[in-house]
Amino acid sequence: MNFQEKILSGRFVVTSEIGPPKGIQTKILLEDAELIRGRVDGINVTDLQSSVMRLGSLAVSFQLKQKGFEPIYQLTCRDRNRLALQSDLLSAAALGIKNVLILTGDHTTSGDHPEAKPVFDLDSVQLLQAAKKLESGFDMKQNKLDGVSPEFFLGAVVNPGADPLELQIMKMKKKIDAGAEFFQTQAVYDLKTFEEFISKIKHVKTPIMAGIVLLKSAGMARFMNKNVAGVFVPDNLIKEMEEAKDKVAQSIDIASRLIKELKPMCQGVHIMPIGWDKIVPKVLDASGL
């Protein structure tokens, strides 16, 4: 079964994430992917993560597909107008890439080219609608596509720690109405917050995958608490990282504990290693996945 079939069948699914390099050398990236071959159900490819100029998500997604992996192509609204966004969706379909995660994208001021002009011609809801329109055989202006229409399995993101949560749930519903078929969440560290989120969306049938970002240090945790909206790392986890003699081992332990406790509440986990790709297999081992 492919990723779509697994998640729609109700199976617990696992995805990881790869960030394209700042250059064209993908040898190390593909070697890291080999470490999780057969261990994950899909591999997200980030689209200029944190607004840093890198190799494109589409190129890396295609290379992964050529190697027999199942990519989840991330597409952000930040850098392209509606012409380019629709064109890139068609390009993905033409290359046999079906899984697409639609995001708004971080603002350009947070990246390494802060003077770059942000586009945001469409938001994530509108881009989901555009993708569904393409599937029906038409572009956003009702122009008919030539030949066979593209097919996508569309995903979106949701932030369980958003405040106010009600607005996030409203936007989540809009994304579902627009065509989202699965969700991956922002990083989850506070189980009570996630449990509250799940309790408020019991009526939602769309599969939800909890996001797991590997903690690298207490400093990283404090930075996220201060600067990343909707992310809260509890004090006890910060203390664990601060006192740990082996930061990597402690990060693996924290991630595996979170995964085990989150598993009954969701339909999958999405692991974001943020450069620690080589320890993902150890997280999977410790989690029993």
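Small disclaimer: the values here were computed from a predicted structure and weren't measured.
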- Does the N227 side chain pair with the main chain of F223, one donor and one acceptor, at a distance under 3.5 Å? yes

- Query: Taking all non-hydrogen atoms of both residues, which atom of A180 and which atom of A156 are closest, and how far apart?
  - Reply: CB-CB, 4.0 Å

- Message: Working note: I252 + I279, criterion side-chain contact (heavy atoms from CB on, under 4.5 Å); need CA distance, chi angles, decisive distance, verdict.
- Response: CA-CA 8 Å; I252 292 169; I279 74 168; 4.0 Å; yes

- Task: In sequence, state the C-alpha distance, the side-chain angles, and the governing distance for K174 and D123, and then conclude on salt bridge (Lys or Arg N to Asp or Glu O under 4.0 Å).
- Result: CA-CA 12 Å; K174 287 183 179 180; D123 62 23; over 6 Å; no

Distance-only check: which donor-acceptor pairs under 3.5 Å involve side-chain atoms of residues 114-121, not counting sequence neighbours?
from: D121; atom 1: OD1; to: R82; atom 2: NH2; distance (Å): 3.1
from: D121; atom 1: OD2; to: R82; atom 2: N; distance (Å): 2.9
from: D121; atom 1: OD2; to: R82; atom 2: NE; distance (Å): 2.9

- Return each pair, listed once, that meets salt bridge (Lys or Arg N to Asp or Glu O under 4.0 Å) where at least one residue sits in residues 262-271; pairs must be two or more places apart or across chains. none

- Task: Output yes when a side-chain donor or acceptor of R39 lies under 3.5 Å from a complementary backbone atom of L289, and no otherwise.
- Result: yes

- Task: Tell me, with the steps shown, if K192 and E196 meet salt bridge (Lys or Arg N to Asp or Glu O under 4.0 Å).
- Result: CA-CA 6 Å; K192 288 184 179 178; E196 179 185 351; over 6 Å; no

- Note: T46 and G19 closest approach over all heavy atoms is OG1-CA, 3.3 Å

- State, with a plain yes or no, whether a side-chain heavy atom of T76 is found less than 4.5 Å away from one of L48. no

- Query: Does NZ belonging to K247 count more than 12 external heavy atoms closer than 6.0 Å?
  - Reply: yes

- Any donor-acceptor pair under 3.5 Å linking the side chain of D32 with the backbone of K278? no

- With the 4.5 Å side-chain cut-off for hydrophobic clustering, are F232 and M272 part of the same group? no

- Message: Please say yes or no: joined through hydrophobic side-chain contacts below 4.5 Å, possibly via intermediate residues, are L58 and I43 part of one cluster?
- Response: no

- Message: Quick check for you: to the nearest 0.5 Å, what is the distance between T206 atom OG1 and I201 atom CD1?
- Response: 8.5 Å

- Check against side-chain contact (heavy atoms from CB on, under 4.5 Å), K133 and Q86: CA-CA 10 Å; K133 194 75 175 173; Q86 290 177 95; over 6 Å; no

- Message: Do M172 and V125 land in one hydrophobic cluster if side-chain heavy atoms of ILVMFWY residues count as linked below 4.5 Å?
- Response: no

- Query: Taking C-beta and beyond as the side chain, do P150 and L90 meet within less than 4.5 Å on heavy atoms?
  - Reply: yes

- Message: Quick check on side-chain contact (heavy atoms from CB on, under 4.5 Å): which of N99, V100, I97 does F152 satisfy it with?
- Response: V100

- Measure across A229 and N159 and return the closest heavy-atom pair with its distance rounded to 0.1 Å. O-ND2, 2.9 Å

- Item | Check: A84 main-chain N/O paired with N81 side-chain donor or acceptor under 3.5 Å | yes

- If every non-hydrogen atom of G137 is compared with every non-hydrogen atom of S149, which pair is closest and at what distance? CA-OG, 3.2 Å

- Test item: T15 side-chain N/O and D41 main-chain N/O as donor-acceptor pair under 3.5 Å: no

- Task: Kindly state each residue pair satisfying salt bridge (Lys or Arg N to Asp or Glu O under 4.0 Å) with at least one member in residues 204-223, sequence neighbours excluded.
- Result: R222-E242

- Item | Check: Y73 and D47 side chains under 4.5 Å, non-hydrogen atoms | no

- Output for pair (L154 CG, K175 NZ), nearest 0.5 Å, gives 12.5 Å

- Check whether any side-chain heavy atom of P21 sits under 4.5 Å from a side-chain heavy atom of I28, and report yes or no. no

- Message: Has Q267 got a side-chain atom pairing as donor or acceptor with I208's backbone, closer than 3.5 angstrom?
- Response: no

- Note on the structure: Which of V14, T185, L262 passes side-chain contact (heavy atoms from CB on, under 4.5 Å) with I212? Answer is L262

- Main-chain N/O of T26 paired with Q63 side-chain donor or acceptor, under 3.5 Å: no

- Considering the options E70, E5, E151, E135, which one meets the salt bridge (Lys or Arg N to Asp or Glu O under 4.0 Å) requirement together with K98? E151

- Task: Using distance alone, with no hydrogens and no angle criterion, decide if S51 and D106 have a side-chain donor and acceptor under 3.5 Å apart.
- Result: no

- Message: Can you tell me how far apart CD1 (I259) and CD1 (I254) are? Round to the nearest 0.5 Å.
- Response: 12.0 Å

- Got M140 and Q126 here, is their nearest side-chain heavy-atom distance under 4.5 Å? no

- Measuring from L122:CG to Q129:CD, what's the distance to the nearest 0.5 Å? 9.0 Å

- Query: With the 4.5 Å side-chain cut-off for hydrophobic clustering, are L258 and W276 part of the same group?
  - Reply: yes

- Task: Would you mind reporting whether V228 and Q186 have side-chain heavy atoms less than 4.5 Å apart?
- Result: yes

- Message: In the structure I gave you, are the side-chain heavy atoms of L95 and K65 within less than 4.5 Å of one another anywhere?
- Response: no

- Item | Exam field: side chain K22 to backbone M53, donor-acceptor pair closer than 3.5 Å | yes

- Message: Treating T193 as the side-chain partner and G161 as the backbone partner, does any N or O pair qualify as donor plus acceptor under 3.5 Å?
- Response: no

- Query: Quick one: SG on C266 to CZ on F12, what's the gap to the nearest 0.5 Å?
  - Reply: 5.0 Å

- Query: With a cutoff of under 4.5 Å between side-chain heavy atoms, which Ile, Leu, Val, Met, Phe, Trp and Tyr residues group with I72?
  - Reply: F3, I7, L8, V13, L101, L103, F153, V157, F182, M209

- Item | Closest approach of G23 to L55 (non-hydrogen atoms, all atoms of both residues) | O-CB, 3.3 Å

- Query: Can you tell me if S87 uses its side chain to pair, donor with acceptor, with the backbone of L83 under 3.5 Å?
  - Reply: no

- So do the side chains of L284 and V280 get within less than 4.5 Å of each other, counting heavy atoms only? yes

- Cluster question for you: counting only ILVMFWY and a side-chain heavy-atom cut-off of under 4.5 Å, with indirect links fine, are L214 and L29 together? yes

- Does E243 have any side-chain hydrogen bond (donor to acceptor under 3.5 Å, both in side chains) partners at least two apart in sequence or in another chain, and if so, which? none

- Message: Evaluate V231 against D190 for side-chain contact (heavy atoms from CB on, under 4.5 Å), listing each step before the verdict.
- Response: CA-CA 8 Å; V231 172; D190 185 15; over 6 Å; no

- Message: Can you pull out every side-chain hydrogen bond (donor to acceptor under 3.5 Å, both in side chains) where at least one residue sits in residues 250-259? Sequence neighbours excluded, please.
- Response: E240-Q250, E240-R257, D253-R257

- Query: Looking only at heavy atoms, which two atoms of A218 and M241 are closest? And how far apart?
  - Reply: N-CB, 3.8 Å

- Task: Could you tell me the separation between the CD1 atom of I169 and the CZ atom of F197, rounded to the nearest 0.5 Å?
- Result: 6.0 Å

- Message: A quick test of your reading: do over 12 heavy atoms of other residues, nucleotides or ligands sit less than 6.0 Å from CG of D146?
- Response: no

